[in-house]
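These numbers come from the heavy atoms of this one structure, side chains and all, not from hydrogens, waters or symmetry mates.
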Amino acid sequence: MNNDSNLLIESPCIRNCCLNDEDICVGCFRTLEEILQWGAATPDQKRHILNCVKNRKPSYTSSR
């Protein structure tokens, strides 16, 4: 039986924590709000955050 509450979804944090002017971490590309929510987030919420990071990352890495 596959129970989502038992799945471990790792944080995208790479310990390069620094927020840009838009409050987006230059290390993991999460917003400050997403970082603060991570610890209490459900697996579905974490997957949503990771999807947002995936979509957000290219626009920040191409401008460096």
Separation between CG of Leu32 and CD of Gln37, rounded to the nearest 0.5 Å: 10.0 Å
Side chain proximity check, Ser11 to Arg30, heavy atoms < 4.5 angstrom: yes
Where do Gln45 and Ala40 come nearest, in terms of heavy atoms and distance? OE1-O, 4.3 Å
Minimum side-chain heavy-atom gap Asn20-Phe29 below 4.5 Å: no
Hey, are the side chains of Val26 and Leu19 touching, using non-hydrogen atoms and a 4.5 Å cut-off? no
Run the side chain to side chain contact (heavy atoms under 4.5 Å, CB included) check on Lys57 and Cys28 step by step: do they pass? CA-CA 8 Å; Lys57 185 176 179 178; Cys28 70; over 6 Å; no
Is there a donor-acceptor contact under 3.5 Å from the side chain of Asn55 to the main chain of Asn51? yes
Quick check on the hydrophobic clustering: are Tyr60 and Val53 connected, directly or via other members, by side-chain heavy-atom contacts under 4.5 Å? yes
Heavy atoms, side chains only, cut-off 4.5 Å: are Cys13 and Trp38 in contact? no
Between atom CD1 of Ile24 and atom SG of Cys52, what is the distance when rounded to the nearest 0.5 Å? 10.5 Å
Show the nearest heavy-atom pair for residues Cys25 and Ile35, with the distance to one decimal. CB-CD1, 4.0 Å
Quick one, Thr31 and Arg56 - any side-chain contact, counting heavy atoms below 4.5 Å? yes
